[in-house]
Amino acid sequence: MDYDIAVIGAGIVGSLIARELSRYRLDICVVEKEADVAMGASKANSAIIHAGYDPEPGSMKAALNVRGNAMYDRLANELEVPFKRIGSLVLAFTEEDMFTLKTLYDRGLKNRVPMLEIVAKDRARSMEPNVSGDIIGALYAPTAGIVCPYELTLGSVENAMGNGVDLKLESPVAGIEYAGGVFTLHTPEQKISSRYVINAAGLYADAVANLIGDTSFSIRPRKGEYLLLDKTQGNLVGRTVFQTPTAMGKGVLVTPTVDGNLLLGPTAEDVESKEDISTTRPGLTGIIKGALKSCPGINLQEVISSFAGLRAVPSTGDFIIGPSKANGRFINVAGIESPGLTAAPAIAEYVKGILRDTGVGLLPKADFNPHRKAICRFHSIGDADRKKAIMRDPRYGRIVCRCEEVTEGEIVSSIKRPAGARDTDAVKRRTRAGMGRCQGGFCLPHVIRILSEELDIPMDKITKSGGNSVILGEKTK
Amino acid sequence: MMGGGSAVLNVDLTVIGGGPAGLAAALEASENGVRDVLIIERGGELGGILQQCIHNGFGLHIFKEELTGPEYAYRFIEKVIARKINYKLNTMVLDISADRVIRAVNGSDGLVEIKAGAVILAMGCRERTRGALNIPGTRPAGIFTAGAAQRFVNIEGYLPGKKAVILGSGDIGLIMARRLTLEGAEVKAVCEILPYPGGLNRNIVQCLKDYGIPLRLSTTIVEIHGRERVTGVTVARVDEKREPIGSSFEFIECDTLLLSTGLIPENELSRKAGVLIDPVTSGPVVDESMETSVKGIFACGNVVHVHDLVDYVTEESRIAGKSAARFILDGGAYGTGLIKTRAGQGIRYVVPQLIRKNRLDNDMKLSFRVTGGYKDVVIAVKSGDRTITSVKKPKVSPGEMESVKIGKIHGDSFKDCDLITVQLENG
């Protein structure tokens with residue numbers, strides 16, 4: 001099949017671009033090297049929708065951050081993705097920090113961030129009684145929010161697929177040819193032809209650009225480690241609590257998640273390998289120290305998981321979005337580090353404009369459906385809906401994951417829907433089975449069995465996360 | 001609230017959990033005259049974790065013989081069936097209110113609401129995970145809690161891998177070291193961060209020494225390696241503060257890491273009911289009848305504190321069952337005098353935390369764990385400076401639960417006493 005648009009990379013950026021373009025009469029495919037969507041920075045980040053006072057005024061980051069933030073209510077509503085506009089505080093502990101707050105405040109005004117306010121200690125502590133008594137003031141940004149980034153990516157992809165987009169997983173692009181106005185993407189399994197290419201390959205966007213001879217930028221990995229705490233700690237703060245930023249990033253934050261957990265992190269460390277998502281002892285120790293500075297009352301006995309993600313840091317210092325100088329039909333969308341998640345919907349809109357300017361005809365589809373139905377979550381619905389769900393399918397009465405109250409019905413649904421789960425981590429991201437305090441200790445055998453039955457794959461071939469990550473060994477004697 | 005005219009089920013006693021604790025408690029209540037008992041079990045069969053414990057060594061105290069886990073469970077299940085005690089399988093309790101209304105769900109009944117005259121909490125415990133231990137490194141396939149691996153081997157029929165390292169010397173880890181070896185996998189080492197093992201001495205001998213599996217004490221895992229599947233772990237010796245010693249790092253190649261680093265009582269439901277939790281045991285504060293801080297809600301077994309032997313779970317659960325029967329049939333017979341128990345020198349916790357003086361009989365047992373390994377000690381129960389009773393022990397270890405009996409035989413010892421302390425003294 002010849003496509004009009006091939007999007008390389010099914011992270012939040014590629015997925016939202018595909019979804020935005022699926023409004024029009026275009027043949028679109030998303031090409032992803034991993035076994036699932038949202039496998040890079042999109043699955044391991046702070047999950048914050050930033051207000052927009054951090055980026056330099058006039059930068060692409062600034063404009064797209066503030067615009068993206070404003071788009072989130074509608075987007076989350078259309079895709080049925082949990083999003084909460086909880087606001088954020090940047091804490092100041094010293095006079096120097098207060099000076100930084102003032103700089104951020106001024107930047108925020110220039111970037112047109114609404115409702116920013118510098119608040120005194122007492123006000124900040126009445127808003128967040130569990131923040132440290134050592135603060136002297138804070139920057140309050142009511143428009144900041146939290147979202148589930150992989151759920152948003154999934155929602156975008158599912159919605160795009162519902163509107164005709166093809167998804168090709170486990171398809172790393174090893175070569176790109178261009179002839180007669182058509183790109184040919186070479187993946188191990190197939191050749192994909194497309195008139196336009198969107199390079200949303202995250203950490204590997206430089207390598208993908210190199211395939212058409214574009215060496216104008218490079219992407220460096222910068223690691224961020226996190227600690228996730230049980231829901232018993234989720235109410236410690238009601239807003240995202242930052243410390244003042246440094247050259248490396250926004251410092252250690254303490255935030256509730258949309259699922260009710262507490263998230264601490266990230267670190268910021270430049271690393272050599274784009275595959276190095278290991279956590280480190282100094283990293284985790286540093287997060288704990290930093291988080292306790294903001295909120296001394298965190299109960300660290302309640303840590304349930306730690307993880308790391310890699311930021312795609314561009315050599316240019318700003319988002320790289322635009323047609324490649326090597327080929328005007330190859331659009332780079334690269335270096336989307338923080339505030340990339342916030343900016344992503346605005347980036348999608350912006351990329352659409354670029355395509356229009358390059359001559360892509362954008363004829364709206366009459367039957368475009370902007371809505372995606374999320375998996376019916378037993379845990380979050382009322383009793384009347386629970387009864388209806390069980391009546392329809394008794395598997396909604398069988399709880400598989402005890403900690404998060406996830407039913408067999410939800411797990412089966414996560415496997416059967418578009419871009420369905422094929423491994424246990426994919427089930428976990430879609431349903432939260434295994435995400436709770438026991439971390440899959442009880443439900444993993446059941447999830448493996450359900451995957452095996454629904455996909456008709458033997459249990460010992462079921463993986464944790466695609467590739468060679470098989471979970472079970474040989475059959476016993 | 002339940003809408004749509006759902007029937008509310010009224011029962012005398014609801015037991016949450018059909019493992020060894022729930023089974024013994026339900027039976028005892030039934031034998032003490034409670035007519036209408038309902039056991040709610042979230043798994044697919046009665047017996048709980050015993051069903052995957054196919055090794056023997058269960059029942060030495062209760063039945064004076066060595067049974068496997070399923071055999072031990074069956075002794076109770078057959079009586080439950082014979083006495084026609086009701087049970088619901090594959091049924092998950094969503095919440096319990098302080099006035100003993102239980103909401104539960106399963107595939108066949110849908111959502112059900114149960115009003116219970118009394119409730120016995122017998123939900124057991126879960127295993128501590130890698131996240132709770134904060135082990136740095138990658139997150140590949142091949143990391144299992146020992147209990148999950150036990151289920152894969154003994155119930156599902158799959159090995160977790162070929163070459164394993166086990167972190168933690170809890171009993172399930174020790175049992176799994178032997179099990180994996182017998183199934184043809186190689187167990188390269190059992191690492192324990194503490195200077196003494198966490199499990200029973202008999203398991204150290206029968207599961208490790210007999211098979212030549214090295215036990216490395218004061219050793220922990222500082223990094224997990226492997227992107228898709230575990231490729232190895234870095235182990236290190238730790239100093240007195242449990243900090244890894246830099247010069248001792250050693251890479252061990254393996255494809256599997258089992259964690260046997262402790263059990264945590266599962267009290268999410270208890271908290272919803274408003275039951276007071278002891279921060280040391282992570283289980284409900286109970287009195288000598290195994291009644292919690294919420295009237296009519298009792299608790300027993302590993303949900304209260306983690307036991308070393310199932311036999312002791314059974315003993316404790318019988319007390320809960322008998323007490324629930326008394327509560328249902330004659331209102332509990334609460335007296336006025338209260339004695340608090342306290343963990344003193346060398347003792348981590350004491351269960352029960354409260355004793356009602358009017359119910360003190362001759363078989364009152366205080367259960368507890370010590371804080372470290374000690375030799376030639378005296379376990380003393382004190383009221384102020386007065387020793388009520390004491391027991392000599394050649395050896396005590398945190399891996400083994402200890403107990404002392406107190407009661408009427410100690411005469412007037414409890415008359416003006418409102419606090420007793422259990423402590424270790426030099427022998």
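Computation of the quantities below employed the complete heavy-atom set of this structure, encompassing side-chain atoms and omitting hydrogens, waters and symmetry-equivalent molecules. Because the structure is a prediction, the values reported are computed rather than measured. Convention: sequence-line order gives letters A, B, ...; per-chain numbering from 1.
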Minimum side-chain heavy-atom gap [X]-[Y] below 4.5 Å:
X: B/R139; Y: A/S306; value: no
X: A/T279; Y: B/N134; value: no
X: B/E228; Y: A/K464; value: no
X: B/I264; Y: A/R437; value: no
X: A/K231; Y: B/E268; value: no
X: A/L444; Y: B/F152; value: yes

Proximity breakdown for [X] and chain B, heavy-atom pairs closer than 4.5 Å:
X: A/L228; value: neither
X: A/Q439; value: both
X: A/R402; value: both
X: A/I448; value: side chain
X: A/H379; value: neither
X: A/E275; value: both
X: A/M391; value: neither
X: A/I288; value: side chain
X: A/F442; value: side chain
X: A/L284; value: side chain

Drop me the distance from [X]'s [atom1] to [Y]'s [atom2], to the nearest 0.5 angstrom.
X: B/H225; Y: A/S278; atom1: NE2; atom2: OG; value: 9.0 Å
X: B/R229; Y: A/N468; atom1: CZ; atom2: CG; value: 11.0 Å
X: A/I304; Y: B/T129; atom1: CD1; atom2: OG1; value: 7.5 Å
X: A/T476; Y: B/R179; atom1: OG1; atom2: CZ; value: 7.0 Å
X: A/C438; Y: B/R128; atom1: SG; atom2: CZ; value: 13.5 Å
X: A/R281; Y: B/E243; atom1: CZ; atom2: CD; value: 5.0 Å

Could you tell me which of [options] has the largest number of non-hydrogen atom pairs under 4.5 Å with chain B?
options: A/T407, A/T232, A/I471; value: A/I471
options: A/R386, A/E225, A/R398; value: A/R386
options: A/T280, A/D230, A/T463; value: A/T280

Point to revise | B/R42/A/I399 under side chain to side chain contact (heavy atoms under 4.5 Å, CB included): CA gap, chis, key distance, verdict | key: CA-CA 8 Å; B/R42 54 192 172 186; A/I399 297 209; over 6 Å; no

Review point. Side chain to side chain contact (heavy atoms under 4.5 Å, CB included) between A/I277 and B/R227: does it pass, once the steps are laid out?
Key: CA-CA 9 Å; A/I277 48 168; B/R227 185 163 166 78; 3.8 Å; yes

List the atom of [X], the atom of [Y], and the distance in Å for their closest heavy-atom pair.
X: B/A141; Y: A/S469; value: CB-O, 3.3 Å
X: B/E156; Y: A/P445; value: OE2-CB, 3.9 Å
X: B/A148; Y: A/G441; value: CB-O, 3.7 Å

**Study point:** chain A contact via B/I135 - which portion, at a heavy-atom distance below 4.5 Å
**Key:**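 Contact with chain A is through the backbone of B/I135 alone.
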
